[in-house]
Amino acid sequence: MQAFIEHLSKILEQRYILTQDEDKAPYLTDWRKRYIGKALAVLLPSTSDEVAAIVKLCAQNQVALVPQGGNTGFCGGATPDNSGKQVVLNLKRMNQIREIDIANQTITIEAGCILRALQEKALEHGFLFPLSLGAEGSCMIGGNLATNAGGTNVLRYGNARDLCLGLEVVTAKGEIWNGIKGLRKDNTGYDLRDLFIGSEGTLGIITAAVMKLYPLPVSQWTTLVACENIASTITLLNLFQKRASSLLTGFEMMTRESLDLNEKHFPHMANPLQGNSPFTVLIELSDHESEEHVRQLLETILEEAFEVKLISNAVIASNLTQANTFWHMREHITLAQAEEGANLKHDITIPLSSLDSFIQQTDALMRDKFPGVRIINFGHLGDGNLHYNIAPPLGVDPKIFNETNERQIHELVYGQVERCKGSISAEHGVGQLKLDGLRAHKGEVAHELMRALKTALDPQNILNPHKVVSI
Ligand code: FAD
Ligand code: 2HG
Ligand code: ZN
């Protein structure tokens, strides 16, 4: 392997080839510290040509690569295995904005561009880049596309896939596929772009992308409402969809247990709604007409919701600072969970028509089989996406609890997901976390097709092996 490392130094300056343990360490564990890997080296290329040359060299030497962006993923997709034979290819130095096309309303950026930097660049030009998630200060657009990230604006603008028009990808042979086009229509056979999006680094390395931009709304109004049961939250969503249509840009649900945990670790994030209702919903409307128009619309819908007893309480943010506080409260739930200790995550989607039944039955079974567990259930209700996370009973060591109960808890939740015809991964992906469960979930035919694609595009299995599908 010494020869391989020496060869690398013909592609990258020595300082961008990390081989010392202390230099590699930050790249070898995931955000949750659930996975810890080893690597021959961590490589930091700055151009697509360098990425291509590295992949070619890896292909010649049968060295596997693990692509990495901001390393904020939840499924261990960006963490190498324990062999010490893989290399991590972190794309953070590829962070250039290549072009903004005002008339086409698109931006062409490199994969290592941090999501927030992309949002800010769009704003500078008077546009909205709508992908938004709690990790936006550190996740990167390449990682967002590789996981087909969702977040809080999906119900209006779609997920990362819906926002992408073109890609540049380095293939497993070390060739560069130039799919950098800003076209909204292009029916020229198989959609390669969509194949790479959501493939979690197993089919190719995304080096650049053309993303859609949107006009900035002139006004946004945010409200928190209290609901007494989950059925009411869904009827409320339908009411907002009917009355506000595309002005509805956020609809996030948080259970009382989630907000209690938040308040425990971040007391300044207390729920401003009085009364301790079981469900709190954060709703955002965005308007292109006027502040007056959207405010009136919001008040009218809320009045109707009160009248028919869908909500028991509501508070409208009186200014941007308060609206931001509502959003911070929502986004801090993940951080509160991290403070509390390891929990068992279930990032699932359920058809809205089955959501009530899912929550009622799964909560009841969970509390019956695992007395005292805390169900940290919250998520993007507008998309039917729940983060149905399970924390151990108070006072129980999370490590011991998870070791003993993880398998049964996953089985219980995923059994209910199958009953409701849902998905075991709504937005976080598969990585290594859900590798074993994927075959049964997708079914034999779909799983074989996925394996066939992987074999065709990466016959040597050097791109993020044993993530998503094993061949
Ligand atoms: P990484 O974690 O570095 O990588 C993720 C996967 O993509 C890995 O398999 C990796 O190999 C692959 N990959 C990375 N870059 C490339 C590339 N250039 N080419 C090919 N493959 C690549 N996710 C959501 O969807 N919605 C949320 O609301 C959300 N909220 C979050 C909140 C917090 C606080 C945190 C910590 C995470 C959250 N996430 C959320 C999860 C995570 O942020 C997303 O999955 C994000 O898209 C990952 O981007 P990243 O750059 O960190 O990717
Ligand atoms: C969110 O929506 C993220 O905040 C994180 O997807 C979910 O903590 C989680 O499980
Ligand atoms: Zn989420």
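FYI, side chains are in, hydrogens and waters are out, and symmetry mates aren't considered; it's all heavy atoms of this structure. First listed ligand is number 1; within each ligand, the first listed atom is number 1.
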ring-ring contact (aromatic ring centres under 6.0 Å, His included), that's the test. Do His380 and His387 meet it? Break it down for me.
CA-CA 8 Å; His380 319 286; His387 298 303; 5.2 Å; yes
Between [X] and [Y], do the side chains contain an N or O donor and an N or O acceptor separated by less than 3.5 Å?
X: Gln432; Y: Thr79; answer: no
X: Arg419; Y: Ser357; answer: yes
X: Asn464; Y: Glu200; answer: no
X: Asp363; Y: Tyr388; answer: yes

When the ring planes of Tyr414 and His410 are compared, do they come out parallel, tilted or perpendicular, using 30° and 60° as the limits?
parallel
Determine, stepwise, if the pair Phe127 / Tyr214 fulfils ring-ring contact (aromatic ring centres under 6.0 Å, His included).
CA-CA 6 Å; Phe127 287 109; Tyr214 288 83; 9.3 Å; no
Protein N, O or S atoms lying under 2.8 Å from the Zn ion (ligand 3), listed by chain and number:
His380 NE2, His387 NE2, Glu427 OE2
Take Leu43 and Val88, measure what side-chain contact (heavy atoms from CB on, under 4.5 Å) needs, and give me the verdict at the end.
CA-CA 6 Å; Leu43 308 178; Val88 172; over 6 Å; no
Report the C-alpha distance between Val468 and Leu435 in whole Å, list the side-chain angles of each, state the deciding distance to 0.1 Å, and finish with yes or no for side-chain contact (heavy atoms from CB on, under 4.5 Å).
CA-CA 5 Å; Val468 187; Leu435 178 70; 5.5 Å; no
Is the shortest heavy-atom distance from the side chain of Leu261 to the side chain of Arg374 under 4.5 Å?
yes
Think Arg93 forms a cation-pi with Tyr16, using NZ or CZ under 6.0 Å from the six-ring centre and within 45 degrees of its axis?
yes
What residues form a side chain to side chain donor-acceptor pair (under 3.5 Å) with Gln241, not counting sequence neighbours?
Asn238
As a test of reading the model: which residues have a non-hydrogen atom less than 4.0 Å away from ligand 1?
Trp31, Pro67, Gln68, Gly69, Gly70, Asn71, Thr72, Gly73, Phe74, Gly77, Ala78, Leu91, Ala111, Leu133, Gly134, Ala135, Cys139, Met140, Gly142, Gly143, Asn144, Ala146, Thr147, Ala149, Gly150, Gly151, Glu200, Gly201, Gly204, Ile205, Ile206, Thr334, His380, Glu427, His428, Asn464
Distance dump, ligand 2 polar atoms to protein, N/O, under 3.5 Å:
| residue | atom | partner | partner atom | Å |
| --- | --- | --- | --- | --- |
| ligand 2 | 2 (O) | Arg330 | NH2 | 2.7 |
| ligand 2 | 2 (O) | His380 | NE2 | 3.0 |
| ligand 2 | 2 (O) | His387 | NE2 | 3.1 |
| ligand 2 | 4 (O) | Arg330 | NH1 | 3.0 |
| ligand 2 | 4 (O) | Arg330 | NH2 | 3.4 |
| ligand 2 | 4 (O) | Thr334 | OG1 | 3.4 |
| ligand 2 | 6 (O) | His387 | NE2 | 3.1 |
| ligand 2 | 6 (O) | Glu427 | OE2 | 3.0 |
| ligand 2 | 6 (O) | His428 | NE2 | 2.7 |
| ligand 2 | 8 (O) | Thr334 | OG1 | 2.8 |
| ligand 2 | 8 (O) | Gln337 | NE2 | 3.1 |
| ligand 2 | 8 (O) | Lys345 | NZ | 2.7 |
| ligand 2 | 10 (O) | Lys345 | NZ | 2.9 |
| ligand 2 | 10 (O) | Asn389 | ND2 | 2.9 |

